[in-house]
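Comments concern the structure below.
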Protein chains: 2
Amino acid sequence: MATIPHEPLSPDALSIGSGWQAQKSASTRTQIIEAAITCLVELGYGRTTTTVIAKKAGLSRGAMLHHFPSKMDIIRAAVEYLHAKRLRAFRKAMAKEPTDGDHVRLGIEGYWSHVKHPWFVAFFEISVAARTDKELAAILFPAQEAFEREWYETSLELFPEWKRKGENFMLGFDLTRYVIEGMGISFLTHKETERDKRVLRYLETKLKELADEDR
Amino acid sequence: MATIPHEPLSPDALSIGSGWQAQKSASTRTQIIEAAITCLVELGYGRTTTTVIAKKAGLSRGAMLHHFPSKMDIIRAAVEYLHAKRLRAFRKAMAKEPTDGDHVRLGIEGYWSHVKHPWFVAFFEISVAARTDKELAAILFPAQEAFEREWYETSLELFPEWKRKGENFMLGFDLTRYVIEGMGISFLTHKETERDKRVLRYLETKLKELADEDR
DNA sequence: CTTGAAAAAGTCAAGAGTGTTTGAAACAGG
DNA sequence: CCTGTTTCAAACACTCTTGACTTTTTCAAG
């Protein structure tokens, strides 16, 4: 009678399935989510339809809509999934001590790799769509904000010596963000060139200058 | 019998109408194109449908499809229109002698204004859609490339003293492009902050340093 | 005034996409 | 073995979009 399940599919997460008949359900859910992300990357937001997602996930559309009643539910789950994945990957990349002790270079290379990753592309597609879709924006914004905050915190940990004077740190942070994201957008349609590498190297020296000024 | 018009609507342009019964036709065409651009800005590429464009242009859909047989024809015309408009506006902005003789600042402010303009937003929407749409890409790429080349040439004219050694000039060019476009993308969903202005001021000083090094 | 072509408007069918509903198969617990 | 729940599948109804087709209006030329 009651349509509310007793335990599974409860609030949100993908993996709270505490050993029931199915954590297969969770498996299917991630399968769907990853198919959706693949579609975002390969087809863009506009052409990402429930039909295509289901086909790519190897499920019938009906089966898929059992797990996610509406398309927006899939997107919502994908945003959460992407947010978690991106954050984990970024932290992991930043956590390891650079072999040459060069934290600045590590930070730049790390974010540049991050921006070239399909996950960023998927996130980007959703971001662009969200500009003209209030419902999407409501879903995306919290995750986007959380990511930026987390990234900022992580960077602060990476450069503890910058913690005193935030002025230059913020400037370096913003500069890096804009340069690399600008390059990332360009990278969506063009190849990475020698000129791009030169920009990154230049950025690196400038960040180090900013750090020294602050010392 | 023959469906080929005698003179009007010939190849492409919008204004070759040499005083016939209608250069009203041309007027209507630009009306449609501008409506399409407005839709791109307000609704995004995905929701820009022929129905909405016609409504925004104040025409019946049938009338519109008389001027542009298919939707892609409208987009194609919009790309050409945007390309021409952006180029003209950019050149005009760069052409005027800065009151304080500060060409670098003029260039930065000029491109930053350019990126904040709706025309850039429309172009951007098409660009993103073109990533996963070969047909669109075929339309967009030539215009995009031409614009970048033109912009580069214009910049060279603006800084003739940099013409000798292209190394630093290119670096400054790329850096500026990436920073400002990165900021522009961010600006699509966020407001311009004091931090952004600081980045622009920093960029300005760095460009001048690059120029001095090259002297 | 007549005429014919272009502009504008309206109608139509086909297709795609979404979400709901209905039905079957798998499976745990009594 | 039976029952109720969960997963999966299929069919349906509805809307939206597109492009083709048909009709009306405008207007310059003869």
Side-chain angles (χ1 to χ4, degrees), chain A residues 1-10 14 16-32 35-36 39-40 43-76 129 133 135-136, chain B residues 1-10 14 16-33 35-36 39 43-76 129 133 135-136:
Chain A
M1 191 73 70
T3 54
I4 301 168
H6 296 297
E7 184 176 353
L9 300 184
S10 55
L14 319 145
I16 43 166
S18 45
W20 199 9
Q21 101 175 21
Q23 62 204 87
K24 164 108 187 190
S25 175
S27 158
T28 306
R29 283 175 65 95
T30 61
Q31 210 172 345
I32 294 170
C39 288
L40 285 173
L43 307 174
Y45 187 85
R47 299 188 180 196
T48 295
T49 67
T50 55
T51 312
V52 186
I53 297 176
K55 187 172 293 177
K56 181 134 315 208
L59 249 66
S60 76
R61 222 177 65 88
M64 187 177 75
L65 263 64
H66 164 73
H67 292 275
F68 298 97
S70 85
K71 180 182 178 177
M72 209 36 108
D73 289 318
I74 303 178
I75 302 295
R76 189 190 329 273
D133 187 329
E135 196 182 354
L136 242 188
Chain B
M1 190 72 70
T3 54
I4 300 170
H6 295 299
E7 184 176 352
L9 299 185
S10 54
L14 318 147
I16 44 166
S18 45
W20 198 12
Q21 100 176 23
Q23 64 203 85
K24 164 111 185 187
S25 176
S27 158
T28 307
R29 283 175 66 96
T30 62
Q31 210 172 345
I32 294 170
I33 293 174
C39 288
L43 307 173
Y45 187 85
R47 300 187 179 194
T48 295
T49 67
T50 54
T51 311
V52 187
I53 296 175
K55 187 172 294 177
K56 181 134 314 208
L59 248 68
S60 75
R61 222 177 67 86
M64 187 176 75
L65 262 61
H66 165 73
H67 291 276
F68 299 97
S70 85
K71 180 181 178 178
M72 207 39 105
D73 289 318
I74 303 178
I75 301 295
R76 190 190 328 273
D133 187 329
E135 197 182 353
L136 242 189

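Letters A, B, ... mirror the listed sequences (proteins, then strands); counts begin at 1.
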- Could you pull out all residues at least two apart from S70(A) that satisfy side-chain hydrogen bond (donor to acceptor under 3.5 Å, both in side chains)? D73(A)

- Stepwise side-chain contact (heavy atoms from CB on, under 4.5 Å) check, H66(A) with T28(A): CA-CA 11 Å; H66(A) 164 73; T28(A) 306; over 6 Å; no

- Message: To the nearest 0.5 Å, what is the distance between OG1 on T49(B) and CG on L43(B)?
- Response: 8.0 Å

- Check the distance between dT18(D)'s P and E135(B)'s CD and give it to me in whole angstrom. 13 Å

For nucleotides 15-17 of chain D, which of its nitrogen or oxygen atoms have a protein nitrogen or oxygen under 3.5 Å away, and what is each distance?
none

- Task: Show the numbers, then the answer: is there a side-chain contact (heavy atoms from CB on, under 4.5 Å) between F68(B) and I33(B)?
- Result: CA-CA 10 Å; F68(B) 299 97; I33(B) 293 174; 4.0 Å; yes

- Query: Distance check: side-chain N/O of H67(A) vs OP1/OP2 of dT6(D), anything under 4.0 Å?
  - Reply: no

- Calculate the interatomic distance between M64(A) atom CE and dT18(C) atom C1'; express it in whole Å. 10 Å

- Message: Just the rounded figure in Å: distance from P of dG17(C) to CD1 of I74(A).
- Response: 14 Å

- Message: Less than 4.0 angstrom between a side-chain N/O of H66(B) and OP1 or OP2 of dA8(C), yes or no?
- Response: no

- Query: Rounded to whole angstroms, how far apart are CZ on R29(A) and P on dT6(D)?
  - Reply: 14 Å

- Would you kindly give the CD-to-C1' distance between Q31(B) and dA8(C), to the nearest whole Å? 12 Å

Please enumerate all protein N or O atoms sitting under 3.5 Å from an N or O of nucleotides 21-25 of chain C, with distances to 0.1 Å.
none

- Side chain of L65(A) only, please: which of dG19(C), dA9(C), dT7(D) is the nearest? dG19(C)

- Kindly give the heavy-atom pair with the smallest separation between I74(B) and A36(B), and that separation in Å. CG2-CB, 3.8 Å

- Query: Between dA8(C) atom P and L59(B) atom CG, what is the distance in whole Å?
  - Reply: 6 Å

- Item | Spacing of I75(A) atom CD1 relative to dG19(C) atom P, expressed in whole Å | 11 Å

- Report the nucleotide, chosen from dG19(D), dA9(D), dA8(C), that has the shortest atom-to-atom distance to any side-chain atom of T28(B). dA8(C)

- What distance separates M64(B) CE from L59(B) CG, expressed to the nearest 0.5 Å? 8.0 Å

- Message: Rounded to the nearest 0.5 Å, what separates atom OG1 in T51(A) from atom NZ in K71(A)?
- Response: 9.5 Å

- Query: Of the candidate nucleotides dG10(C), dA9(D), dG19(D), which contains the atom at the shortest distance from the side chain of S70(B)?
  - Reply: dG19(D)

